[in-house]
Amino acid sequence: MTDKTADTNHPIHASLATRWSPYCFAPTPVSQADLASLFEAARWAASSFNEQPWRFIVGQADAGDGVHRRILKCLVEANQHWAANAPVLVLALTAKRFTKNDKPNGAHQHDLGLAVGNLVVEATTRGLACHQMSGIDADAAAAEFSVPEDVTVLTAIAIGTADTAHVADDDLVARDRGERARKPLSAFVFGAEYGQSADWSR
Ligand SMILES: Cc1cc2nc3c(=O)[nH]c(=O)nc-3n(C[C@H](O)[C@H](O)[C@H](O)COP(=O)(O)O)c2cc1C
């Protein structure tokens, strides 16, 4: 597993610092126990009114049921190229309305993001890596899996063990060996006014 631990300016938990999004995966399957724990982690995410609007469709390359292949063909071509090697592919969906009153849930995408965040942290603690994708054909995915009209297919996630050893594409290997970059806190944590950096000096 390639180490791309974040070079942080302030200390953060290892489960966050060691997470990164690989393009190269080992062919090793993800165990059923690990996979179940990833979705269990998602299950315990916070959500607006505890609606739990997240939904997932999971395809495992070694399952032989064709779901992995069906998810793969719903990704944009550039993502298909590398995600084909991931042993697990997941579609992440979210229900747009509250079950209790059928009113629009303005936080449904936020809640799905939290659930996926939990899933990704749990994966990292287990030595697994996730690569999330918005590059999908959501309409094709909705048709392929008979998704109801009030549910949005938002993203996909490739899951597996990061490993460049089995990947012949030099460009993908180079991406996985590249530097990681982030904006400074001053670019997005504000104090007195929007755009004015918060003061950390007290
Ligand atoms: C919602 C979301 C959508 C993304 N979509 C894609 C994608 O379609 N294709 C891709 O190669 N990477 C995609 N990424 C991965 C990002 O490019 C990656 O997280 C970012 O460059 C930071 O790198 P790191 O995750 O290794 O820290 C996506 C990430 C997120 C969270």
Side-chain angles (χ1 to χ4, degrees), residues 1-26 38-39 41-42 45-47 53-59 68 70-96 107-142 144 151-164 167-185 187-188:
M1 172 117 184
T2 316
D3 181 9
K4 290 184 67 164
T5 303
D7 181 14
T8 64
N9 293 336
H10 306 275
I12 61 174
H13 195 270
S15 61
L16 303 170
T18 60
R19 182 215 61 82
W20 62 285
S21 305
Y23 286 95
C24 303
F25 290 91
L38 264 51
F39 289 111
S47 64
W54 46 78
R55 308 283 186 268
F56 298 100
I57 295 172
V58 56
H68 184 278
R70 288 167 61 207
I71 295 175
L72 185 66
K73 72 179 189 188
C74 297
L75 308 181
V76 298
E77 255 181 59
N79 284 333
Q80 285 187 25
H81 174 61
W82 58 267
N85 295 319
V88 177
L89 290 176
V90 174
L91 285 174
L93 309 87
T94 173
K96 293 181 270 191
H108 70 100
Q109 294 183 334
H110 180 103
D111 293 346
L112 174 62
L114 284 176
V116 173
N118 273 17
L119 182 154
V120 170
V121 169
E122 186 64 39
T124 308
T125 66
R126 291 166 183 270
L128 295 166
C130 299
H131 196 140
Q132 298 161 71
M133 292 164 262
S134 53
I136 64 169
D137 183 338
D139 293 339
E144 176 68 35
V151 174
T152 300
V153 186
L154 198 65
T155 53
I157 315 166
I159 306 173
T161 305
D163 188 0
T164 54
V167 176
D169 184 326
D170 291 344
D171 174 53
L172 294 181
V173 173
R175 283 195 224 175
D176 278 6
R177 293 190 178 148
E179 292 288 310
R180 303 182 65 202
R182 285 300 189 273
K183 296 172 185 172
L185 292 192
F188 63 93

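All ligand and atom numbering here is 1-based and tracks the order in the structure.
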Which pairs of N or O atoms, one from ligand 1 and one from the protein, are separated by less than 3.5 Å, and what is the distance for each pair?
unit_1: ligand 1; atom_1: 5 (N); unit_2: Gln132; atom_2: O; d: 3.4
unit_1: ligand 1; atom_1: 5 (N); unit_2: Ser134; atom_2: N; d: 2.8
unit_1: ligand 1; atom_1: 5 (N); unit_2: Ser134; atom_2: OG; d: 3.4
unit_1: ligand 1; atom_1: 8 (O); unit_2: Asn79; atom_2: ND2; d: 2.9
unit_1: ligand 1; atom_1: 8 (O); unit_2: Ser134; atom_2: N; d: 3.3
unit_1: ligand 1; atom_1: 8 (O); unit_2: Gly135; atom_2: N; d: 2.9
unit_1: ligand 1; atom_1: 9 (N); unit_2: Asn79; atom_2: OD1; d: 2.9
unit_1: ligand 1; atom_1: 11 (O); unit_2: Tyr23; atom_2: OH; d: 2.9
unit_1: ligand 1; atom_1: 11 (O); unit_2: His131; atom_2: NE2; d: 3.4
unit_1: ligand 1; atom_1: 12 (N); unit_2: His131; atom_2: NE2; d: 2.8
unit_1: ligand 1; atom_1: 14 (N); unit_2: Gln132; atom_2: O; d: 3.0
unit_1: ligand 1; atom_1: 19 (O); unit_2: Ser21; atom_2: OG; d: 3.4
unit_1: ligand 1; atom_1: 25 (O); unit_2: Arg19; atom_2: NH1; d: 2.9
unit_1: ligand 1; atom_1: 25 (O); unit_2: Arg19; atom_2: NH2; d: 3.2
unit_1: ligand 1; atom_1: 25 (O); unit_2: Ser21; atom_2: OG; d: 2.5
unit_1: ligand 1; atom_1: 26 (O); unit_2: Ser21; atom_2: N; d: 2.9
unit_1: ligand 1; atom_1: 27 (O); unit_2: Arg19; atom_2: NH2; d: 2.9
unit_1: ligand 1; atom_1: 27 (O); unit_2: Arg180; atom_2: NH2; d: 2.7
unit_1: ligand 1; atom_1: 27 (O); unit_2: Arg182; atom_2: NH2; d: 2.8

**Prompt:** Who passes salt bridge (charged side-chain N to carboxylate O under 4.0 Å, His left out) against Arg19, sequence neighbours left out?
**Reply:** none

**Message:** Please enumerate all residues that pass salt bridge (charged side-chain N to carboxylate O under 4.0 Å, His left out) together with Glu144, with sequence neighbours excluded.
**Reply:** Arg70, Lys73

**Request:** Answer yes if the side chains of Asp3 and Thr5 hold a donor-acceptor pair under 3.5 Å, and no otherwise.
**Result:** yes

**Prompt:** For Asp171, what residues pass the side-chain contact (heavy atoms from CB on, under 4.5 Å) criterion, not counting sequence neighbours?
**Reply:** Asp169, Arg175

**Asked** Should the pair Phe39 and Phe56 be assigned to parallel (<30°), tilted (30 to 60°) or perpendicular (>60°) ring geometry?
**Response** tilted

**Minimal non-hydrogen separation, Leu91 against Ala141, with atom names** = CD1-CB, 3.9 Å

